[in-house]
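Numbers restart at 1 for each chain; the letters A, B, ... are given by sequence-line order, proteins then strands.
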Number of protein chains: 2
Amino acid sequence: MKKSPTILDIAREAGVSKSTVSRILNNAENVSPRTRQRVLEVMLKYRYRPNIFARGLGGRRTGVVGVIVTDITNPFYSILVRGIEDVCRVYRYNIFLCNTDGREEEERIHIESLTERRVDGVILASTMLNEDSLAGLLERGVKVVLVARLLEDNSSFNYVVVDNAMGGYLAAKHLLTLGHKRIAYIAGPWFSSPNLDRFAGFQKALGEIGLGVDEKLIVQGDFTMESGYLAGMKLAKSSSPRPTAVFAANDAMAIGAMEAFSELGIDVPHEMSVIGFDDIPLGALRCIQLTTVSQSIYDQGAISGRTLIERILEPEKEGIQQIVLPPKLVVRKTCARVPGVESRNEGSGS
Amino acid sequence: MKKSPTILDIAREAGVSKSTVSRILNNAENVSPRTRQRVLEVMLKYRYRPNIFARGLGGRRTGVVGVIVTDITNPFYSILVRGIEDVCRVYRYNIFLCNTDGREEEERIHIESLTERRVDGVILASTMLNEDSLAGLLERGVKVVLVARLLEDNSSFNYVVVDNAMGGYLAAKHLLTLGHKRIAYIAGPWFSSPNLDRFAGFQKALGEIGLGVDEKLIVQGDFTMESGYLAGMKLAKSSSPRPTAVFAANDAMAIGAMEAFSELGIDVPHEMSVIGFDDIPLGALRCIQLTTVSQSIYDQGAISGRTLIERILEPEKEGIQQIVLPPKLVVRKTCARVPGVESRNEGSGS
DNA sequence: CCTTATAATGGTAGCGGTACCACTAATGGA
DNA sequence: TCCATTAGTGGTACCGCTACCATTATAAGG
């Protein structure tokens with residue numbers, strides 16, 4: 001293993017001083033074209049790359065950000081990360097990828113490690129958020145952007161989210177318009193702000209026509225397809241009378257539930273309407289055709305990446321950026337009108 | 001923004017020298033328990049974290065590896081990366097994630113950037129591989145592991161792959177056993193070693209019973225679902241007589257093709273058998289039930305991660321590790337016997 | 001021709017650690 | 001009692017780079 005050449009090696013070989021080479025590395029103006037040319041040739045010859053650790057020692061920016069997600073295997077996160085990576089690449093930023101599996105402890109460890117590695121910023125998309133860790137980051141001047149989740153007190157954080165309450169409202173409204181009254185909710189964890197907000201929107205829509213949420217029709221999930229499957233099973237078997245529609249807090253759970261219904265021979269949409277949230281590509285498959293509330297996942301990633309890098313590159317702009325994107329209803333084929341109900345939004349039908 | 005405390009701040013506060021603090025940081029033996037205790041308290045109080053750049057200057061290991069994939073959005077890669085991340089976490093290694101979209105140029109840039117950041121190793125899973133970039137890595141002592149792809153001359157590289165030729169053979173054999181004769185192949189890019197090998201295995205199986213591959217039944221794809229869809233369309237419309245079965249070089253393309261067949265009203269499996277390769281979770285959905293050749297993606301990630309870190313941590317072990325995993329046929333519901341053909345593997349049937 | 005401004009370069013002190021050597025005080029053996 | 005040993009420290013020279021100041025060469029102005 002050859003030792004990497006240093007700035008001194010290059011300087012000697014080119015017959016100049018370290019300073020001159022350093023100037024060229026940093027694109028400084030005051031170097032004669034001839035010297036620059038000669039030094040560049042030597043650099044090329046030795047495949048010289050400046051030692052980033054030596055550079056970083058000066059306390060300048062490191063050109064690295066951390067991205068913390070729950071599980072990259074989940075298409076939601078992989079698309080989000082892709083959006084982030086694409087903008088980072090433009091700015092020549094590298095990203096550290098961290099999976100937490102929703103465990104607060106893992107998240108703490110990752111944040112510590114990222115701090116230690118002196119990242120310029122962190123994008124947080126994981127389910128749990130430990131406010132103490134975040135405080136530590138801010139204290140050290142590390143820029144932070146929350147994406148697709150909120151904290152109780154967001155006042156001091158940059159964030160990018162969809163209007164989850166509105167999304168939940170849209171979903172519920174769609175089902176209500178189709179005449180559904182007994183609507184189940186497959187929930188995500190209750191410490192998750194998207195779940196909370198989607199549920200709030202759902203509840204609001206029901207409330208508007210004087211309907212309450214039946215607690216027996218709320219089934220707990222954790223945003224995974226498996227949990228959706230289990231929830232679907234539970235809903236189909238134990239609740240009587242059976243709900244005519246299900247609003248799942250995300251697409252993965254909606255699809256999981258549909259797996260269960262399919263297994264039990266319950267026809268979607270005619271015996272059971274299903275609506276999800278996220279609009280992951282999977283839902284668009286012909287054999288699924290999931291009606292859902294769309295949030296542009298990639299865009300959220302890209303926007304959060306841009307927000308973060310702007311904050312890093314222009315720290316003098318102190319303003320906090322808080323972006324709320326509008327969700328959109330995507331009607332496909334998993335929701336149908338309740339049999340025997342006229343096309344009215346309200347009223348006692350049946 | 002507070003300036004981070006340095007080792008000197010801690011030393012002063014604790015009334016000792018830099019050296020002593022450094023010893024404690026590195027768990028050296030010769031420090032009295034009382035001093036250690038006192039210094040640790042000061043560290044805790046100031047939330048001291050050693051500056052990794054200063055540490056790295058000494059030319060020691062950085063605790064970071066790069067992972068280069070084609071597209072993290074592709075479930076194959078996200079599962080692979082997850083496997084890698086999980087073992088890296090155990091060793092407290094961080095990973096830089098890089099997407100290339102299959103572009104050689106992007107890959108070159110990423111490798112350069114990783115070199116600059118002095119990663120200890122790189123795991124390459126991207127479609128293109130630029131041998132010059134690799135040479136640069138090896139030259140600098142950066143450990144390299146190829147995963148799920150090979151080079152023409154692999155002699156000097158660590159790698160982890162499945163036996164793709166065997167997988168292709170298995171797939172073809174399965175279709176032949178069901179009586180298929182006209183079997184189409186939806187190909188990946190031909191510079192991709194998995195595609196090449198899978199095709200070779202496919203060809204071999206056909207050859208064994210005296211069948212050749214009909215060039216008109218080879219349709220070009222690029223491993224994406226969209227390309228599979230297009231290939232399926234082309235196959236269904238233009239080839240006459242239509243093939244009775246399709247072997248797609250990966251699951252994504254197989255599912256894409258099934259989308260096309262579904263759109264055209266071609267029944268899978270009764271009018272068209274489909275077999276894929278990879279065994280991504282999506283294929284196990286009830287509405288897909290794709291018969292496929294399984295390679296344990298997660299394990300390949302985990303094994304390549306372990307291989308890499310072992311190479312990094314024990315550089316004295318010079319041996320090169322080359323691991324070939326066996327593929328496994330997973331029979332689900334997208335392949336059926338050719339109508340009107342008896343249960344014979346060979347012969348002129350019909 | 002000398003002075004002064006300017007462009008191009010060299011020299012060197014950090015940045016925050018680690019490694020290694022030097023020193024001190026206490027301990028033990030002769 | 002004295003010297004050798006050793007555990008526990010402190011001191012300092014790097015690591016490779018940047019920032020800043022000093023120096024030299026060159027050109028312009030009087």
Side-chain angles (χ1 to χ4, degrees), chain A residues 1-40 42-43 46-64 113 115-120 140-141, chain B residues 1-40 42-43 46-64 113 115-120 140-141:
Chain A
M1 174 184 0
K2 251 194 306 197
K3 192 176 153 304
S4 296
T6 75
I7 200 172
L8 201 59
D9 298 324
I10 302 302
R12 266 201 281 262
E13 180 78 12
V16 295
S17 72
K18 286 186 354 170
S19 313
T20 303
V21 179
S22 175
R23 274 182 206 104
I24 292 165
L25 281 179
N26 295 285
N27 289 314
E29 294 300 314
N30 44 354
V31 179
S32 79
R34 288 186 55 250
T35 309
R36 162 166 280 133
Q37 180 60 26
R38 186 153 35 94
V39 173
L40 284 175
V42 176
M43 283 182 177
Y46 284 85
R47 291 210 191 160
Y48 171 73
R49 305 269 77 197
N51 184 321
I52 220 136
F53 289 92
R55 269 189 157 167
L57 240 190
R60 37 161 59 197
R61 288 190 292 262
T62 56
V64 180
S113 157
T115 309
E116 209 160 328
R117 295 197 186 282
R118 297 291 198 277
V119 295
D120 293 337
R140 277 187 166 43
Chain B
M1 170 183 2
K2 251 195 308 198
K3 194 177 151 302
S4 298
T6 74
I7 199 172
L8 200 60
D9 298 325
I10 303 302
R12 265 200 283 264
E13 180 79 12
V16 297
S17 72
K18 281 180 14 162
S19 313
T20 303
V21 180
S22 177
R23 274 182 205 104
I24 291 165
L25 281 179
N26 294 285
N27 290 316
E29 294 298 315
N30 43 352
V31 179
S32 79
R34 288 186 55 251
T35 309
R36 163 167 278 134
Q37 180 61 25
R38 186 153 36 94
V39 172
L40 284 176
V42 176
M43 284 183 178
Y46 285 84
R47 290 212 193 160
Y48 172 73
R49 306 267 76 195
N51 183 322
I52 222 140
F53 288 93
R55 271 189 155 166
L57 241 189
R60 36 162 60 195
R61 287 191 292 264
T62 57
V64 179
S113 156
T115 310
E116 209 160 329
R117 296 200 186 280
R118 298 291 198 277
V119 296
D120 294 338
R140 277 191 166 39

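Residue A/K18 comes nearest to A/I7 through the heavy atom pair O-CD1, 3.8 Å, listed as atom of the first residue, atom of the second, then distance. When all heavy atoms of A/G63 and B/R117 are compared, the closest pair comes out as O-NH2, 2.9 Å.
Annotation: the terminal axes of the helix from C/dC1-D/dG30 to C/dA30-D/dT1 meet at 60°, where each axis is the rotation carrying the C1' atoms of four end pairs onto the next four (5 pairs per end, rounded to 10°).
Computed from coordinates, the B/I7 CD1 to D/dG11 P distance equals 14 Å when rounded to whole Å. Between the P atom of D/dT12 and the NZ atom of B/K18 lies a distance of 11 Å, rounded to the nearest Å. Atom C1' of nucleotide D/dT18 and atom CD1 of A/I52 are separated by 14 Å, given to the nearest angstrom. Between the CG atom of A/L8 and the P atom of D/dC14 there is a distance of 13 Å, given to the nearest Å. In this structure, the CG atom of B/L57 is 7 Å from the P atom of D/dG16, given to the nearest Å.
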Going by atom type alone, with no hydrogens or angles, which donor-acceptor pairs under 3.5 Å involve a side-chain atom of residues 32-39 of chain A and a protein atom two or more places apart or on another chain?
from: A/S32; atom 1: OG; to: A/T35; atom 2: N; distance (Å): 3.2
from: A/S32; atom 1: OG; to: A/T35; atom 2: OG1; distance (Å): 2.7
from: A/R36; atom 1: NH2; to: A/A28; atom 2: O; distance (Å): 2.9
from: A/Q37; atom 1: NE2; to: A/E41; atom 2: OE2; distance (Å): 3.0
from: A/R38; atom 1: NH1; to: A/A14; atom 2: O; distance (Å): 2.4

Side-chain donor/acceptor pairs under 3.5 Å, residues 46-56 of chain B, sequence neighbours excluded:
from: B/Y46; atom 1: OH; to: B/E13; atom 2: OE1; distance (Å): 3.0
from: B/R49; atom 1: NH1; to: A/E116; atom 2: OE1; distance (Å): 2.9
from: B/N51; atom 1: OD1; to: B/F53; atom 2: N; distance (Å): 2.7
from: B/N51; atom 1: OD1; to: B/A54; atom 2: N; distance (Å): 3.2

Only pairs under 3.5 Å count here: list side-chain donor-acceptor contacts from residues 19-26 of chain A, not counting sequence neighbours, and write none if there are none.
from: A/T20; atom 1: OG1; to: A/S17; atom 2: OG; distance (Å): 3.4
from: A/N26; atom 1: ND2; to: A/S22; atom 2: O; distance (Å): 2.8

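Phosphate contact (OP1/OP2 of D/dG16, side-chain N/O of A/Y48, threshold under 4.0 Å): absent. Listed pair A/N26 / D/dT18 meets the phosphate criterion, a side-chain N or O lying under 4.0 Å from OP1 or OP2.
Rounded to the nearest 0.5 angstrom, B/R118 CZ and B/L57 CG are separated by 10.0 Å.
Taking 4.0 Å as the cutoff to heavy atoms of chain A, we find the contact window on DNA chain C bounded by C/dA8 to C/dG16.
Sequence order on DNA chain C of the closest nucleotides to A/A54 and B/S22 puts A/A54 first from the 5' end.
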Just the table, please: protein N/O against nucleotides 6-9 of chain D N/O, every pair under 3.5 Å.
from: D/dT9; atom 1: OP1; to: B/S32; atom 2: OG; distance (Å): 2.9
from: D/dT9; atom 1: OP1; to: B/T35; atom 2: OG1; distance (Å): 2.2
from: D/dT9; atom 1: OP2; to: B/S32; atom 2: N; distance (Å): 3.4
from: D/dT9; atom 1: OP2; to: B/T35; atom 2: OG1; distance (Å): 3.4
from: D/dT9; atom 1: O4; to: B/R23; atom 2: NH2; distance (Å): 3.2

